[in-house]
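All values reported here derive from a predicted model rather than from experimental measurement.
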Amino acid sequence: MNIFITGTDTGVGKTFVTSLIAQHFRSDGLDVGVMKPISTGPANENDAVWLKKTLQLDDPIDLINPISLKHPLAPYPAATMDNRQLTMSPIFKAYKKLCKLHDMILVEGIGGVLVPITKNYFVADMIKDFGLPTIIVARAKLGTINHTLLTIAALKKRKIPILGVIINGYTGKELAEKTNAQMISKFGKVPILAKILWQKR
Ligand SMILES: Nc1ncnc2c1ncn2[C@@H]1O[C@H](COP(=O)(O)OP(=O)(O)OP(=O)(O)O)[C@@H](O)[C@H]1O
Ligand SMILES: [Mg+2]
């Protein structure tokens, strides 16, 4: 099964969690590949580069990341700033190739689900076109119930299957950490697949 890893926001840990999920399925003996359809910001330090290195993948970087935009913005404004209009065909072509090379592909989203890719196409529309079930990565902090329920609502509106939520970055220091998982599963009616500690480095 291939999975789309989305999140409640940028910086919530989608890339970090994608690498953990890849390692999890690898330990079951699967050959797991990854994809970051669109990256924005410096190309030498983007998510695709990090995932390729961390997971020691042989796939060429432009297969893992077919669209790279230099401005550190959402794809639509980043492309507009460069007078570009994005089309999805390079993404789905690369995805098809990757599917032939691996048993399983994890596709990392861009920011959250209502990030614009073109003037009338959002990340949620892209997830729908991939036809993949999702995992939502959410923060452990105060505010995460609202962000996660909004994300669930946007996915459900498009009838996109949700496998569950992974809550990332528990510190043991915040009161909200004691209640957020229970609240998200109660109101969002989705399973909490994992709770991940903030790893000190
Ligand atoms: N559980 C964790 N413990 C320690 N560091 C973490 C953890 N989760 C994420 N990080 C760090 O937090 C930062 C943001 O995480 P990450 O890049 O995975 O977020 P993201 O959701 O993929 O962001 P983007 O929207 O830019 O793709 C990174 O430096 C990452 O290494
Ligand atoms: Mg990322």
Side-chain angles (χ1 to χ4, degrees), residues 1-10 12-26 30-40 46-52 55 57 59-69 74-76 78-79 84-138 147-148 150-166 168 188 190-191 193:
M1 179 177 50
N2 300 338
I3 305 172
F4 196 104
I5 315 297
T6 187
T8 55
D9 195 2
T10 185
V12 292
K14 292 182 298 295
T15 309
F16 186 78
V17 170
T18 297
S19 75
L20 296 184
I21 298 172
Q23 283 159 29
H24 170 81
F25 284 106
R26 274 182 176 178
L30 291 180
D31 177 331
V32 185
V34 298
M35 184 173 190
K36 174 86 181 183
I38 307 173
S39 65
T40 63
N46 67 24
D47 290 349
V49 171
W50 190 85
L51 286 167
K52 179 174 160 69
L55 296 169
L57 290 162
D59 305 319
I61 201 73
D62 52 359
L63 206 53
I64 298 175
N65 176 216
I67 300 180
S68 172
L69 301 164
Y76 177 50
R84 270 183 77 178
Q85 209 179 342
L86 299 180
T87 55
M88 294 302 108
S89 59
I91 291 173
F92 295 117
K93 267 188 202 156
Y95 176 62
K96 268 193 185 161
K97 280 189 193 162
L98 282 171
C99 288
K100 287 190 187 130
L101 296 169
H102 299 279
D103 300 326
M104 177 183 204
I105 303 292
L106 302 174
V107 183
E108 184 190 334
I110 307 106
V113 292
L114 291 188
V115 164
I117 296 174
T118 73
K119 68 176 189 302
N120 55 8
Y121 191 82
F122 296 85
V123 167
D125 300 314
M126 186 174 78
I127 302 174
K128 184 80 186 172
D129 287 345
F130 265 100
L132 293 178
T134 56
I135 288 177
I136 301 168
V137 180
H147 287 151
T148 310
L150 285 169
T151 303
I152 292 168
L155 293 170
K156 283 191 175 167
K157 190 180 156 196
R158 289 168 174 82
K159 299 191 168 44
I160 295 167
I162 302 167
L163 298 172
V165 175
I166 293 182
N168 180 43
V190 292
L193 302 174

For this session: Would you please test Y76 and I117 for side-chain contact (heavy atoms from CB on, under 4.5 Å) and show each step?
Result: CA-CA 4 Å; Y76 177 50; I117 296 174; 5.7 Å; no
For this session: Before giving the answer on side-chain hydrogen bond (donor to acceptor under 3.5 Å, both in side chains), spell out for S39 and D47 the whole-Å C-alpha distance, their side-chain angles and the decisive distance to 0.1 Å.
Result: CA-CA 7 Å; S39 65; D47 290 349; over 6 Å; no
For this session: Assess whether side-chain contact (heavy atoms from CB on, under 4.5 Å) is satisfied between M1 and L132, documenting all intermediate values.
Result: CA-CA 9 Å; M1 179 177 50; L132 293 178; over 6 Å; no
For this session: Evaluate the criterion side-chain contact (heavy atoms from CB on, under 4.5 Å) for residue pair I61 and K52; output intermediate values, then yes/no.
Result: CA-CA 8 Å; I61 201 73; K52 179 174 160 69; 3.8 Å; yes
Problem set entry | From CA spacing to verdict: side-chain contact (heavy atoms from CB on, under 4.5 Å), L63, L98 | CA-CA 7 Å; L63 206 53; L98 282 171; 4.0 Å; yes
For this session: Tell me, with the steps shown, if N2 and H102 meet side-chain hydrogen bond (donor to acceptor under 3.5 Å, both in side chains).
Result: CA-CA 10 Å; N2 300 338; H102 299 279; over 6 Å; no
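Between I21 atom CD1 and I5 atom CD1 the span is 3.5 Å, to the nearest 0.5 Å. For the atom pair CD1 (I166) and NZ (K14), the distance works out to 13.0 Å, reported to the nearest 0.5 Å. Here F4 contributes atom CZ and L155 contributes atom CG; the two are 9.5 Å apart, rounded to the nearest 0.5 Å. Separating the CD1 atom in I64 from the OH atom in Y95 is a distance of 15.0 Å, to the nearest 0.5 Å. For the atom pair CG of L20 and CG of N168, the computed distance is 8.0 Å after rounding to the nearest 0.5 Å. One distance of note links CG of N46 with NZ of K36; it measures 8.0 Å at 0.5 Å rounding.
You'll find the side chain of K97 stays beyond 4.5 Å of the side chain of D59, heavy atoms only. Between I162 and I136 the shortest side-chain heavy-atom distance falls below 4.5 Å. Between Y121 and D129, the closest side-chain pair of non-hydrogen atoms falls below 4.5 Å. Within the 4.5 Å cutoff, the side chain of L86 has heavy atoms near those of the I67 side chain. Residues I135 and T6 have side chains not in contact (no heavy-atom distance under 4.5 Å, counting atoms from C-beta outward). For the pair L150/T148, no side-chain contact is recorded, criterion being any heavy-atom separation below 4.5 Å from C-beta on. Looking only at side-chain heavy atoms (C-beta outward), P75 and L69 come within less than 4.5 Å of each other. Side-chain contact between T134 and I3 is absent, with no heavy-atom pair separated by less than 4.5 Å.
Closest heavy-atom contact between S68 and R84: O-NH1, 4.1 Å. Shortest non-hydrogen contact noted between A78 and T40 is CB-CG2, 4.2 Å. The two atoms that bring P37 and P66 nearest to each other are O-CD, 3.6 Å, heavy atoms only. Here the closest non-hydrogen pair linking V113 and A154 is CG2-CB, 3.8 Å. When all heavy atoms of A48 and N65 are compared, the pair lying nearest together is CB-CB, 3.4 Å.
Taking the charged nitrogens against the carboxylate oxygens, R158 and D125 do have a contact shorter than 4.0 Å, which makes a salt bridge.
Judged purely by distance below 3.5 Å, without hydrogens or angles, the side chains of E108 and T15 pair a donor atom with an acceptor atom.
For K93, the NZ atom counts as loosely surrounded, since its 6.0 Å shell holds 12 or fewer non-hydrogen atoms of other residues, nucleotides or ligands. Other residues, nucleotides and ligands contribute more than 12 heavy atoms inside 6.0 Å of the CZ atom of R26.
Remark: the backbone N or O of D31 is paired with a side-chain donor or acceptor of D103 at under 3.5 angstrom. A donor-acceptor pair is defined here as one N or O able to donate and one able to accept, closer than 3.5 Å; no such pair exists between the side chain of K128 and the backbone of I160.
F130 has its ring centre less than 6.0 Å from the ring centre of F92.
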